[in-house]
Amino acid sequence: MIEVIKGDITKVHADAIVNAANSSLLGGGGVDGAIHRAGGPAILEDCRKIRARQGECKTGDAVITTAGNLPAKFVIHTVGPVWNGGTKNEAEKLANCYKHSLELAVENKCDTVAFPNISTGIYGYPKDQAAEIAVKTVTEFLNEHKKPGKVIFVCFDEDSYSIIKSLIHH
Ligand code: AR6
């Protein structure tokens with residue numbers, strides 16, 4: 001099932017929350033900054049280990065770490081595309097973020113997964129187009145795999161909240 005709420009993802013009790021990271025995995029602003037601040041240094045420690053093992057995280061890929069002090073069990077870090085007017089396969093890359101994050105969640109037995117609106121802040125992806133891709137990709141994944149049991153879209157702004165609400169109630 002799919003839910004949408006308005007709020008701060010660092011406060012959400014879920015098996016996994018997803019972070020809109022960058023390819024360095026070493027933190028940044030927006031939701032990334034909020035997650036590292038609220039979760040504490042254990043998250044960055046795990047990110048550094050992953051970097052040492054595999055290097056940077058490519059756009060559309062995802063990795064999983066501890067959630068440190070957050071009320072979630074894991075943080076799944078995915079790297080959204082920077083909006084470039086739609087000329088750089090942004091839609092496919094954004095869909096891959098949702099797909100790969102859900103694959104990691106299932107592999108790690110997460111039954112509840114919370115997503116922010118990936119790429120729609122600093123990376124500039126238009127909120128309506130990003131919301132359509134998010135809802136479509138998650139819906140298809142749940143139909144195909146029958147898990148995770150619950151996906152929550154956590155919207156920080158009213159715009160994304162009302163767009164996603166109207167999409168999932170259709
Ligand atoms: N809870 C939920 N959503 C949030 C929160 C929060 N606490 N804070 C912001 N948002 P952004 P991006 C929303 O900019 O566009 C970082 O520097 C925000 O309103 O966080 O994917 C990374 O390191 C927006 O709707 O991520 C990268 O360099 C959504 O989260 C870059 O930003 C995503 O906005 C990634 O940019």
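Counting starts at 1 for both ligands and their atoms, following the listed order.
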- Item | Nearest protein heavy atom with distance in Å, relative to atom 29 (C) of ligand 1 | Asn117 O, 3.2 Å
- Query: When rounded to the nearest 0.5 angstrom, what is the spacing between NZ in Lys93 and CD1 in Ile133?
  - Reply: 12.0 Å
- Message: At less than 4.0 angstrom from any non-hydrogen atom of Asp32, what atoms of ligand 1 do you find?
- Response: 22 (C), 23 (O)
- Decide yes or no for Thr78 and Ile118: does some side-chain heavy atom of the first lie under 4.5 Å from some side-chain heavy atom of the second? yes
- Output the list of atoms in ligand 1 that are nearer than 4.0 Å to some heavy atom of Thr120, sorted by atom number. 15 (O), 24 (C), 25 (O), 29 (C)
- Kindly determine whether His77 and Thr65 satisfy side chain to side chain donor-acceptor pair (under 3.5 Å), including the steps that lead there. CA-CA 8 Å; His77 307 259; Thr65 69; 2.9 Å; yes
- Does Ile9, backbone or side chain, put an N or O under 3.5 Å from an N or O of ligand 1? yes
- Taking the side chain as every heavy atom from C-beta outward, state whether Ser119 and Pro81 have any atom pair closer than 4.5 Å. yes
- Message: With a cutoff of 4.0 Å, is Thr10 in contact with ligand 1, counting heavy atoms of the residue only?
- Response: no
- Message: Polar contacts were defined as any N/O atom of the residue lying under 3.5 Å from an N/O atom of the ligand; does this apply to Val31 and ligand 1?
- Response: yes
- Using a strict cut-off of 4.0 Å, indicate which atoms of ligand 1 neighbour a heavy atom of Gly7. 1 (N), 2 (C)
- Item | For Asp8, the ligand 1 atoms whose distance to one of its heavy atoms is below 4.0 Å | 1 (N), 6 (C), 7 (N)
- Residues Lys136, Glu140: salt bridge by 4.0 Å N-O rule: yes
- Note on the structure: Logged contact type for Asp157 with ligand 1, heavy-atom cut-off 4.0 Å, is side chain
- Quick one: look up the protein heavy atom nearest atom 36 (O) of ligand 1 and list residue, atom name and how far away it is. Tyr123 CG, 3.4 Å
- May I ask you to identify the nearest protein heavy atom to atom 21 (O) of ligand 1, giving residue, atom name and distance to one decimal place in Å? Ser119 N, 2.8 Å
- Query: Contact between Ser160 and ligand 1, counting heavy atoms under 4.0 Å?
  - Reply: no
- Relative to the heavy atoms of Asn22, which atoms of ligand 1 are at a distance of less than 4.0 Å? 22 (C), 23 (O), 27 (C), 28 (O)
- Query: What atoms of ligand 1 come within less than 4.0 Å of a heavy atom belonging to Gly28?
  - Reply: 17 (O), 23 (O)
- Message: Show the atoms of ligand 1 that are less than 4.0 angstrom away from any heavy atom in Gly29.
- Response: 16 (C), 17 (O)
- When rounded to the nearest 0.5 angstrom, what distance separates CG in Leu26 from CG in Asn22? 7.5 Å
- Item | From CD (Gln129) to CD (Glu90), nearest 0.5 Å | 9.0 Å
- Query: Can you list the ligand 1 atoms lying under 4.0 Å from a non-hydrogen atom of Ala20?
  - Reply: 21 (O), 22 (C), 26 (O), 35 (C)
- Query: Heavy-atom contact under 4.0 Å between Gly33 and ligand 1?
  - Reply: no
- Mind checking the OG1-CD spacing from Thr137 to Glu92? Nearest 0.5 Å is all I need. 10.5 Å
- Task: Starting from atom 3 (N) of ligand 1, find the nearest protein heavy-atom neighbour and note its residue, name and distance.
- Result: Phe156 CB, 3.5 Å
- Item | Electrostatic pair Asp15-Lys73, nearest N-O below 4.0 angstrom | yes
- Under 6.0 Å between the ring centres of Phe115 and Tyr98? yes
- Message: Within this structure, what is the OG1-CE distance for the pair Thr112 and Met1, rounded to the nearest 0.5 Å?
- Response: 9.5 Å
- Note on the structure: Output for pair (Asp157 CG, Ile163 CD1), nearest 0.5 Å, gives 8.0 Å
- Sub-3.5 Å N/O-N/O distance, Gly121 and ligand 1: yes
- Query: Among Val18, Ile122, Asp159, Val154, whose heavy atom sits nearest atom 11 (P) of ligand 1?
  - Reply: Ile122
